[in-house]
Amino acid sequence: MGVRPPADDDLSEPEVIEFGIPALDARLEDAAFPMSAEELRSAHGDLTVPYNASGKTVTLREVLEEIDREEFETEQELLNDAHPVFERLRANDPSGVLGQLRSMLPF
């Protein structure tokens, strides 16, 4: 996913902030698949990936802990399996206006 940052008085096009799967995809451009989960942990485990537009991050190691697979034939397999993890993190994050409103409601 990606969102545009708030506009300022500058008339130039703002850059897009990448987070979630597109951010992970961009950070793994040089990874050579097939690759095991252990190889990913060793080579890229400390890689931090933003999971929301506020810039909250998660490490690839943490994402891999939640995926029940030990071998990835392609990067797309990894991205597909990581997608629910990023969605859950984004949904459970209390940052942002909606998250703050949800945390204040008694139900």
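The shortest distance between side-chain heavy atoms of Leu64 and Leu78 falls below 4.5 Å. Side-chain contact check for Glu18 versus Pro50: every heavy-atom pair is 4.5 Å or farther apart. Two residues are said to be in side-chain contact when any heavy atoms from C-beta on lie closer than 4.5 Å; Thr57 and Phe19 fail this criterion.
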Review point. Passes side-chain contact (heavy atoms from CB on, under 4.5 Å), Phe33 versus Glu77? Steps please.
Key: CA-CA 10 Å; Phe33 285 85; Glu77 283 183 359; over 6 Å; no
Exercise for review: Using the side-chain contact (heavy atoms from CB on, under 4.5 Å) rule, take Tyr51 and Val63 through it: C-alpha gap first, then chi angles, then the decisive distance, then the call.
Suggested key: CA-CA 11 Å; Tyr51 61 83; Val63 171; over 6 Å; no
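Each of Asn52, Ile21, Leu79 was evaluated against Phe86; a single residue qualifies, Ile21, per the side-chain contact (heavy atoms from CB on, under 4.5 Å) test.
Residue pairs meeting the side chain to side chain donor-acceptor pair (under 3.5 Å) criterion with at least one member in residues 31-42, sequence neighbours excluded: Ser36-Glu39, Glu38-Arg41.
The shortest heavy-atom contact between Arg69 and Glu71 is CD-O, 2.9 Å.
Between the CE atom of Met35 and the CG atom of Leu40 there is a distance of 5.0 Å, given to the nearest 0.5 Å. Summarising the geometry, atom NE2 belonging to His44 is positioned 8.0 Å from atom CG belonging to Leu60; distances are rounded to the nearest 0.5 Å.
Residues Thr59 and Glu62 bring a donor and an acceptor atom of their side chains to less than 3.5 Å of each other.
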Which atom pairs, one a donor and one an acceptor, fall under 3.5 Å between side chains of residues 23-31 and the rest of the protein, sequence neighbours left out?
residue	atom	partner	partner atom	Å
Arg27	NE	Thr48	O	3.3
Arg27	NH1	Ala23	O	3.1

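Every residue two or more places apart in sequence or in another chain that forms a side-chain contact (heavy atoms from CB on, under 4.5 Å) with Arg88 is listed here: Glu66, Val85, Asn92.
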